[in-house]
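To start, the structure itself, in structure tokens.
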Amino acid sequence: MRPLRIIVTTADAERLRGALMLASAQAALGGAAALFLQLDAVALLRTPIIAPQNAAHQAAGLPDLATVLAEAQALGVTISVCQSGLALCGMAANALPPGVDVGGPLSFMQATGDDARLLLS
């Protein structure tokens with residue numbers, strides 16, 4: 001199975017939720033999956049993780065964004081954030097959830113092989 005690599009480019013919690021759900025599906029099927037949050041999107045991982053649509057999702061019997069993130073990580077989805085995005089959002093690395101790495105677009109793209117599916121969210 002081809003690896004799935006997703007770049008989240010905006011601070012839209014629903015785009016992150018969708019990216020995490022797709023990556024989780026990939027991992028559940030036995031494939032490798034990774035997310036990279038670019039610039040403003042990094043703020044979505046400020047703890048505690050709260051998304052505007054959490055209540056609507058929970059009312060429909062779906063997990064909140066923090067749970068979706070934890071479940072993705074438990075399935076082996078790797079998550080990294082842009083170092084410049086941390087600075088832009090006024091965050092320190094210790095404000096991120098456990099298991100989230102800090103890097104840059106160069107390192108993310110270097111780890112993206114020619115056979116990978118690369119999506120922008």
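- Nearest heavy atom pair, residue S107 against residue G104, reads OG-O, 3.0 Å.
- Tracing side-chain contacts under 4.5 Å through hydrophobic residues (I, L, V, M, F, W, Y), one never reaches L69 starting from L75; they form parts of separate clusters.
- Among all heavy-atom pairs drawn from G90 and R46, the shortest one is O-NH1, 4.3 Å.
- Inter-residue side-chain proximity for L35 and L20 is flagged as met; some heavy-atom pair is nearer than 4.5 Å.
- The nearest pair of heavy atoms linking D40 to A11 is O-CB, 3.4 Å.
- For residues 53-64, the side-chain hydrogen bond (donor to acceptor under 3.5 Å, both in side chains) pairs, not counting sequence neighbours, are E14-H57, R17-N54, R17-H57, D64-T67.
- Residue pairs meeting the side-chain hydrogen bond (donor to acceptor under 3.5 Å, both in side chains) criterion with at least one partner in residues 72-94, sequence neighbours excluded, are absent.
- Scored by the side chain to side chain contact (heavy atoms under 4.5 Å, CB included) test, A13 finds L44, A51, P52, L65 as partners (sequence neighbours excluded).
- Taking CG from L4 and OG1 from T112, the interatomic distance works out to 10.0 Å, rounded to the nearest 0.5 Å.
- L37 and F108 fall into different hydrophobic clusters, where Ile, Leu, Val, Met, Phe, Trp and Tyr are joined by side-chain heavy atoms under 4.5 Å apart, directly or via other members.
- Residues L39 and I79 do not share a hydrophobic cluster, clusters being chains of Ile/Leu/Val/Met/Phe/Trp/Tyr side chains in contact below 4.5 Å.
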Please tabulate, for side-chain N and O atoms in residues 114-121, each donor-acceptor pair with protein atoms closer than 3.5 Å (sequence neighbours left out).
from	atom 1	to	atom 2	distance (Å)
R117	NH2	R2	O	3.2
R117	NH2	Q26	OE1	2.8
S121	OG	R15	O	3.2

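- Between P97 and L45, the shortest heavy-atom contact is CD-O, 3.2 Å.
- Of all non-hydrogen atoms in A93 and V102, the two that sit nearest each other are CB-CG2, 4.0 Å.
- Within the 4.5 Å cutoff, the side chain of L86 has heavy atoms near those of the L96 side chain.
- Smallest separation of non-hydrogen atoms from A41 and T10: CB-O, 3.4 Å.
- Taking Q38 as the reference, I7, F36, C82, P105 meet the side chain to side chain contact (heavy atoms under 4.5 Å, CB included) condition, with sequence neighbours excluded.
- Within 6.0 Å of the CE atom in M91, the count of heavy atoms belonging to other residues, nucleotides or ligands exceeds 12.
- The hydrophobic cluster around M1 extends to L29, counting ILVMFWY residues whose side-chain heavy atoms fall within less than 4.5 Å of a member.
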